[in-house]
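Okay, structure first, notes after.
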Number of protein chains: 2
Amino acid sequence: MKFAKIPMATINRLSIYMRTLQDLLEEEMDVISSERLAKQCGVNPAQIRKDLAYFGEFGVRGVGYRVSDLINQIKEILGLNRNWNLAMVGLGNLGSAMIRHGNFIKHGYIFTSAFDVDPQKVGKRLPNGLIINHVDELEEIVKEREAHIGIIATPASAAQSVANQLVLGGINGILNFAPVQIQVPDCCHVENVDFTIKLDCIAYHLSSGG
Amino acid sequence: MKFAKIPMATINRLSIYMRTLQDLLEEEMDVISSERLAKQCGVNPAQIRKDLAYFGEFGVRGVGYRVSDLINQIKEILGLNRNWNLAMVGLGNLGSAMIRHGNFIKHGYIFTSAFDVDPQKVGKRLPNGLIINHVDELEEIVKEREAHIGIIATPASAAQSVANQLVLGGINGILNFAPVQIQVPDCCHVENVDFTIKLDCIAYHLSSGG
DNA sequence: CCCATAATGTGAATAATATCACATTGTTAA
DNA sequence: TTAACAATGTGATATTATTCACATTATGGG
């Protein structure tokens, strides 16, 4: 099953299901049907079952899914039953905010290095204890600290060059906040986050009366 | 043409095209083919033409698209030839970072109000001159300052209640950073941004050898 | 033990989206 | 003026994703 090509959208949804299930677990719910879960996630129940079916059978017919089991299964599927080391590049408003934000650690994402070009910032210690390094040292330090994922929170103009450095440092996953399309070799997976695109999308809906 | 149902993905891409075209304009390029633009945006050339075809004919056969014209056309389509007022709710790390970030104003998105529940924060002045109001006043102030779009940058637990307030305040577009699915009436359009979902997606790709 | 019930898992049907391939049409130059 | 060219716009096709509908199978009660 793991060899079928899985839709990207499915992976995204699995992450959402997991988040919701974790909330349900805190509310001491131990079994849930696809119908109830679907409602809470804003999707179709069959969608959930199909998404899960790519990877196996996790439910009990006539009963539903055991919440804690399903969480673990999805973690297994997504590769979240371990920690991932993050390298943050660019400590402007956004980069700093993310490092201060506690939510990542909670989900097993750990910042093990941080970089900037600003001499004012290099050498400073961040709230989480990390010392900011100069981007010139990126390749070396990223290797040394075994970073798995690079986060680009630099201005657009620097993004491609940073991406190149990250790839040289052996990184195969990049979360890109810069509003440009970066080019990387096939071995590297890029996810883009662009707030203004989302705002544009809202603007469209507002102005076309939808 | 404006009455056909436009794919969501098309709207997203239009925003990306526009961003890329703006870069090209700065490089003094005045005409571009769908092929070159496609390469730069990482999509298929036919995709660009199809996306634009939903709204009209903007190119010149045998030549391509005039960069500055196309930017204006896309702005028109997306409703970006005007300003949009933003209400920021939640001035933690992320909310504060966004307000400090200059990129929004550049694209016509203007913060006209900011809210938090923390008495320590209420009354403080932000770098852009805005004074932080208490969330209790949200509905009233949002109406008064004609906010069009609400941004939820609160903890997950507060998100739904804030969304309700925003809707009461007459807001029809919400950008939600809280990692929960919020429920709103049909008249309100919600876009979600969740970094950890993106990270999960990268983790999946890294661990399943893709 | 067997039946009623409930909710999964899944093949088939549908819908949405992306790509191809080419006819169409401006442009340029001889 | 006209032919060669280049790149759009678009119908047809292929691909992908979602939803339906029901056969399947655990569970619990009579």
Side-chain angles (χ1 to χ4, degrees), chain A residues 1-17 20-21 24 29-71 73-74 77 181 201 204 210, chain B residues 1-17 20-21 24 29-71 73-74 77 181 201 204 210:
Chain A
M1 282 292 167
K2 213 152 190 191
F3 305 128
K5 217 181 110 265
I6 314 296
M8 191 66 165
T10 290
I11 301 303
N12 266 275
R13 282 190 299 263
L14 285 177
S15 179
I16 293 172
Y17 303 156
T20 304
L21 288 163
L24 291 169
M29 174 164 292
D30 51 327
V31 171
I32 193 168
S33 67
S34 58
E35 191 169 336
R36 303 247 295 116
L37 181 59
K39 187 172 286 178
Q40 193 143 353
C41 297
V43 302
N44 182 296
Q47 182 82 80
I48 293 185
R49 301 199 295 273
K50 257 285 155 65
D51 284 338
L52 293 171
Y54 282 111
F55 302 96
E57 305 193 3
F58 306 114
V60 181
R61 297 187 190 209
V63 178
Y65 301 89
R66 286 194 50 77
V67 175
S68 69
D69 285 0
L70 190 51
I71 290 173
Q73 304 279 13
I74 295 179
I77 291 166
Q181 203 62 30
C201 198
Y204 168 77
Chain B
M1 280 292 165
K2 209 141 191 201
F3 304 131
K5 216 182 112 267
I6 314 296
M8 191 65 164
T10 289
I11 301 302
N12 267 275
R13 282 190 299 263
L14 285 177
S15 179
I16 293 172
Y17 303 157
T20 304
L21 288 164
L24 291 170
M29 175 164 290
D30 52 327
V31 171
I32 193 168
S33 67
S34 59
E35 190 170 338
R36 302 248 294 118
L37 181 59
K39 187 172 286 177
Q40 194 144 352
C41 297
V43 301
N44 182 297
Q47 182 82 81
I48 293 185
R49 301 198 294 272
K50 258 285 157 64
D51 284 339
L52 293 172
Y54 283 110
F55 302 97
E57 306 193 3
F58 306 115
V60 182
R61 296 187 190 208
V63 178
Y65 301 89
R66 286 195 49 79
V67 174
S68 69
D69 285 1
L70 191 51
I71 290 173
Q73 304 280 13
I74 295 179
I77 291 166
Q181 202 63 31
C201 198
Y204 168 78

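Computed over heavy atoms, backbone and side chain alike; hydrogens, waters and symmetry mates excluded. Lettering follows sequence order; numbering is per chain, from 1.
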Which two nucleotides bound the region of DNA chain D that has atoms under 4.0 Å from heavy atoms of chain B, read 5' to 3'?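 In short, chain B contacts DNA chain D from dA6(D) to dA12(D).
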How many whole angstroms separate atom [atom1] of [X] from atom [atom2] of [N]?
X      : N       : atom1 : atom2 : value
L70(A) : dT8(C)  : CG    : C1'   : 12 Å
F55(A) : dT8(C)  : CZ    : P     : 18 Å
I48(B) : dT19(C) : CD1   : P     : 11 Å
K50(A) : dA13(C) : NZ    : P     : 13 Å

Within this structure, what is the [atom1]-[atom2] distance for the pair [X] and [Y], rounded to the nearest 0.5 Å?
X      : Y      : atom1 : atom2 : answer
L37(B) : L70(B) : CG    : CG    : 7.5 Å
S34(A) : K39(A) : OG    : NZ    : 12.0 Å
T10(B) : F55(B) : OG1   : CZ    : 7.0 Å

By nearest nucleotide on DNA chain D, pick out whichever of F58(B) and D51(A) is the more 5' one.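 Upstream on the strand: F58(B).
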Side chain proximity check, [X] to [Y], heavy atoms < 4.5 angstrom:
X       : Y      : result
R36(A)  : L24(A) : no
C201(B) : N12(A) : yes
Y204(B) : S15(A) : no
Y65(A)  : R49(A) : yes

For E35(B), is the CD atom crowded, meaning more than 12 foreign heavy atoms sit under 6.0 Å from it?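 12 or below, so no.
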Indicate the atoms forming the closest heavy-atom contact of Q47(A) with Y17(A), along with that distance.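 Q47(A) and Y17(A) have their closest heavy atoms at CG-OH, 3.9 Å.
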Please name the pair of heavy atoms, one in C41(A) and one in T20(A), separated by the smallest distance, quoted to 0.1 Å.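 Shortest heavy-atom separation between C41(A) and T20(A) comes out as SG-OG1, 3.4 Å.
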Among residues 35-44 of chain A, which residues get a heavy atom nearer than 4.0 Å to DNA chain C?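 Those residues: none at all.
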With a non-hydrogen cut-off below 4.0 angstrom, is T10(A) in contact with a base, only sugar-phosphate, or nothing?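 T10(A): no heavy atom of the nucleic acid under 4.0 Å.
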Are L52(A) and L14(A) close enough, and set up right, to give a side chain to side chain contact (heavy atoms under 4.5 Å, CB included), and what steps lead you there? CA-CA 8 Å; L52(A) 293 171; L14(A) 285 177; 3.9 Å; yes
Would you tabulate the nitrogen or oxygen pairs shorter than 3.5 Å linking the protein to nucleotides 23-26 of chain C?
from: dT24(C); atom 1: O2; to: R61(B); atom 2: NH1; distance (Å): 2.9

Starting at the 5' end of DNA chain C, which residue's closest nucleotide do you reach first, P7(B) or S34(A)?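 The residue mapped nearer the 5' terminus is S34(A).
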